[in-house]
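What follows is a short report on a single structure.
In listed order, ligands and their atoms are each counted from 1.
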Amino acid sequence: MTTTTSHAAILRDIARNRKTPLVVALAALLILRYRSRSARVNSVLKSKKRLSPQELAEASQQLYEEEPDGTKVLLVPFRGQVKKVEIKETPADFFALDAARFPLVPPSHKPNVDRTFLRQLLAIMRITFPSWTSKEVLLVLLHSAFLVLRTVLSVGVAKLDGRIVRDLVTANGPGFIRGLGLWFLFAIPSTYTNSMIRHLQSKLSLRLRTRLTRYTHDLYLSSAPALRYYRISQPGGLEGVDQYITSDIAAFCESLSALYGNVMKPTLDMFIFTAQLSRSLGARGTVLLFLNYYLTARILRAVTPAFGRLASVEAMLEGEYRTGMNRIGRESEEVAFYGGGARERSILWNAYLRLIKHVNSIFKLRIAYEWTEDFVIKYLWSAGGYGLISIPVLFSGDRSRSRSVGIQHPSPPGSGVDDAVADRTENYISSRRLLLSLADAGGRLMYAYKDVLELAGLTTRLYALLSTLHSLQAVPPFVPSEATLALHGVDVCVPGSGSGSRGPSSSSSSSGTTLVRALSIELHAGTGEHLLITGTNGVGKTAVARVIAGLWAAAASGAGTGAGLTRPERGVGGVFVVPQRSYMVVGSLLDQVIYPHSYAQFKASGKTEDDLMDILRAVHLAYIPERESGWQTRKEWRDVLSGGEKQRMGMARVFYHRPKFAVLDECTSAVSSDVEGSMYEHAKSLGITLITISLRPSLAKYHTHLLTLNGDAQGSWSCTRVGTAEERMGIDREIVSLEAKLAEVENWERRVKELNGMLGAAVVA
Ligand SMILES: Nc1ncnc2c1ncn2[C@@H]1O[C@H](COP(=O)(O)OP(=O)(O)OP(=O)(O)O)[C@@H](O)[C@H]1O
């Protein structure tokens with residue numbers, strides 16, 4: 001009877017004080033809804049037919065579909081099917097408005113838990129939680145509901161524990177069996193709650209990562225004029241951006257989502273367990289408990305190392321090591337030709353050792369910290385707990401009662417002493433369990449402080465990436481023109497790191513070395529004008545191409561008005577630049593020709609594979625599709641194609657896009673002269689105006705103007721007319737005939753000698 005009442009009392013108590021049924025019902029509803037939804041998703045996935053490898057390859061090639069409103073639907077192959085992910089275009093002014101939230105922080109700032117950290121975290125959290133109704137907020141709420149539920153269940157379990165031991169002490173068999181039944185009943189929601197908490201935490205971390213990654217990608221891969229992916233790698237920018245965008249974002253999101261659980265759950269536990277305990281401990285005990293918390297916090301704070309800075313340095317060293325590894329992968333052939341394996345190994349080993357030494361030093365610092373933490377929280381707190389529990393027992397004034405603590409022999413029911421012992425035992429077991437849970441919660445909360453410090457380190461790194469990206473300034477705009485490309489009084493300068501700013505914002509300033517001064521050229525599309533830029537190595541030829549492409553600023557020379565760059569837009573029908581180093585994109589053979597177009601844009605352009613074949617014929621690569629088993633073949637083209645083939649592919653792109661102006665930066669240096677000549681002739685026949693950068697004088701015949709950069713301290717230059725096509729051809733013919741005549745010189749000299757010999761013989765005779 002007593003036991004039945006006590007079980008009912010537990011449930012009543014829990015129900016009255018904690019609204020458990022409400023919470024349990026709510027949680028059950030959420031669980032059921034979640035389970036039925038995942039079951040529905042699974043059944044839909046199973047019911048959908050798996051696509052054939054051919055169809056999947058088609059989807060990989062297609063990449064995305066474009067909706068009429070500009071929204072892109074990404075086609076992601078997943079488990080034998082194609083999942084559609086809608087990507088809304090980021091509004092043009094979005095990042096401009098967001099930049100105000102990311103002012104640059106001085107590089108001297110050390111990560112710590114302070115106002116700067118809070119401000120940075122808040123700025124980043126506005127990206128990860130864009131609105132109160134976003135899915136991320138709902139996930140946090142669901143996560144919180146399960147955290148509360150777990151605490152409520154823990155209190156229930158602690159009380160039940162006490163009741164079960166009480167039944168044992170009083171030898172109450174039926175009550176003990178009922179208690180065990182309830183114990184298993186509690187086990188079901190408790191274990192489920194634990195796994196749900198872990199699941200929701202991982203899910204939240206993944207969603208935060210997706211938000212941040214999408215934001216960073218949009219910002220980083222911004223098109224002209226921002227070109228942040230280019231500017232950030234310039235002097236004064238950030239090194240190892242790949243580490244920031246891949247590892248650091250993932251680590252930050254994991255840390256943030258874990259921290260929420262690690263702080264929220266123990267805090268809640270501390271409140272609820274303290275409230276529960278204070279009932280049996282009384283006012284004096286509760287005050288002592290809080291004193292204990294305060295002292296613990298002070299001790300641990302004193303022994304906590306600067307985990308934030310350590311985490312930030314670790315991420316940086318990790319990035320350096322990763323960049324080194326990437327470099328070997330990217331340039332393995334060059335290293336292999338030089339036989340530089342041993343040298344590269346020592347460079348990499350150096351980077352790795354620096355990382356490992358740092359991680360080791362963190363481990364060492366952790367030993368002292370964790371030792372103190374374990375000692376204080378596990379042993380000191382437990383000893384304190386015993387002391388607190390003993391206060392009401394030992395100092396209640398009733399010594400006879402206190403001596404009777406322990407397992408007693410069963411007494412006749414209704415015996416007052418037996419009931420008192422059972423009560424004390426129950427109280428002791430419940431309180432002890434609560435105290436252990438409290439020690440555990442305290443430990444986790446103290447440990448969470450270390451996590452906060454580490455989060456501060458990761459926040460500093462992520463904030464550095466975002467604020468640097470936001471601070472990069474685009475070059476001043478050019479004057480748009482349909483058919484003219486001109487530079488008027490432009491100084492071509494190497495971007496220096498401007499004063500007062502950490503980012504390479506000085507792309508727009510002329511604080512660096514001036515390579516060419518007051519450069520003026522003007523070309524008109526469709527008039528047959530073509531420019532050859534020449535000069536010795538390092539004189540600034542590519543720099544001129546960078547200015548034309550909008551990578552470097554077209555700084556006005558002096559105070560001249562009207563100075564600057566005039567040109568059409570980049571791309572189809574505008575300006576197209578083929579760089580010195582060949583670039584092969586990841587994807588199919590077809591993707592190599594149409595780059596930077598996507599497959600969808602290729603389809604929309606109305607061109608066909610036959611057209612592409614004609615283009616490959618023009619660059620003497622017609623054999624490639626057959627050799628590589630078709631247009632859809634996907635390979636590491638950088639390694640498959642030879643240097644000359646890669647350069648011809650660059651020219652194929654020019655013929656595919658048919659720009660008005662093509663800037664060709666030594667992009668045919670590895671191509672044989674005959675093929676080079678035919679490609680130039682083909683480009684001209686398509687009406688493309690050529691701006692060629694080359695050291696080969698033989699290319700002069702395809703151009704009308706010659707710009708020579710002198711490479712002197714004054715940055716002087718000269719531009720001369722090469723002559724009309726007929727004149728140039730005439731000169732060419734003359735050169736050929738003179739060369740042929742020169743080749744005959746030896747024969748003539750021999751003949752002269754023969755004749756002299758014959759004459760000499762005749763005279764003697
Ligand atoms: N980002 C940079 N930072 C500092 N200096 C740079 C940068 N880019 C180029 N330079 C310097 O500017 C000068 C001109 O470079 P550019 O690439 O234009 O030479 P180039 O005339 O094309 O030479 P080459 O014929 O060898 O290709 C070089 O001395 C180079 O070192």
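- In this model, no donor atom of one side chain and acceptor atom of the other lie less than 3.5 Å apart for Asp242 and Thr246.
- Checking atom 14 (C) of ligand 1 against the protein gives a heavy-atom contact under 4.0 Å.
- Short contacts between ligand 1 and Val494, defined as distances under 4.0 Å to a heavy atom of the residue, involve ligand atoms 2 (C), 3 (N), 4 (C), 5 (N), 6 (C), 7 (C), 12 (O).
- Across all their heavy atoms, Leu212 and Ile124 have their closest contact at CD2-CG2, 3.9 Å.
- Near Trp552, meaning under 4.0 Å from one of its heavy atoms, ligand 1 places the atoms 8 (N), 9 (C).
- Using cut-offs of 30° and 60° for the angle between ring planes, the Phe95 and Tyr215 rings count as perpendicular.
- In the model, His703 has no side-chain atom that pairs as donor or acceptor with a side-chain atom of Glu529 under 3.5 Å.
- For ligand 1, the atoms closer than 4.0 angstrom to any heavy atom of Glu666 are 25 (O), 27 (O).
- Ring planes of His682 and Phe655: perpendicular class, angle over 60° (limits at 30 and 60°).
- Protein heavy atom closest to atom 25 (O) of ligand 1, with residue, atom name and distance, is Lys541 NZ, 2.6 Å.
- The Gly540 neighbourhood of ligand 1 comprises atoms 14 (C), 18 (O), 19 (O), 20 (P), 21 (O), with distances under 4.0 Å to a heavy atom of that residue.
- The backbone and the side chain of Asn537 each have at least one atom closer than 4.0 Å to an atom of ligand 1 (non-hydrogen atoms only).
- Of all non-hydrogen atoms in Ala543 and Trp552, the two that sit nearest each other are CB-CZ3, 3.6 Å.
- Every atom of ligand 1 with a heavy atom of Arg546 under 4.0 Å away is listed here by number and element: 8 (N), 9 (C), 17 (O).
- Between Ala543 and ligand 1, at least one N/O pair is under 3.5 Å apart.
- Side chains of Arg309 and Thr460: a donor-acceptor N/O pair is absent below 3.5 angstrom, by distance only.
- For Thr323 and Asn326, the side-chain atoms include no donor-acceptor pair closer than 3.5 Å.
- Among Thr542, Val547, Ile693, Thr534, the residue whose heavy atom lies nearest to atom 17 (O) of ligand 1 is Thr542.
- For ligand 1 and Gln234, the ligand atoms under 4.0 Å from any heavy atom of the residue are 1 (N).
- Of the candidates Glu645, His620, Lys646, Gln647, Val671 forms a side chain to side chain contact (heavy atoms under 4.5 Å, CB included) with just one, namely Gln647.
- Considering only non-hydrogen protein atoms, atom 28 (C) of ligand 1 sits nearest to Gly538 O, 3.7 Å.
- Using a 4.0 Å cut-off between heavy atoms, Leu515 contacts ligand 1 through its side chain alone, with no backbone atom that close.
- Near Gln580, meaning under 4.0 Å from one of its heavy atoms, ligand 1 places the atoms 27 (O).
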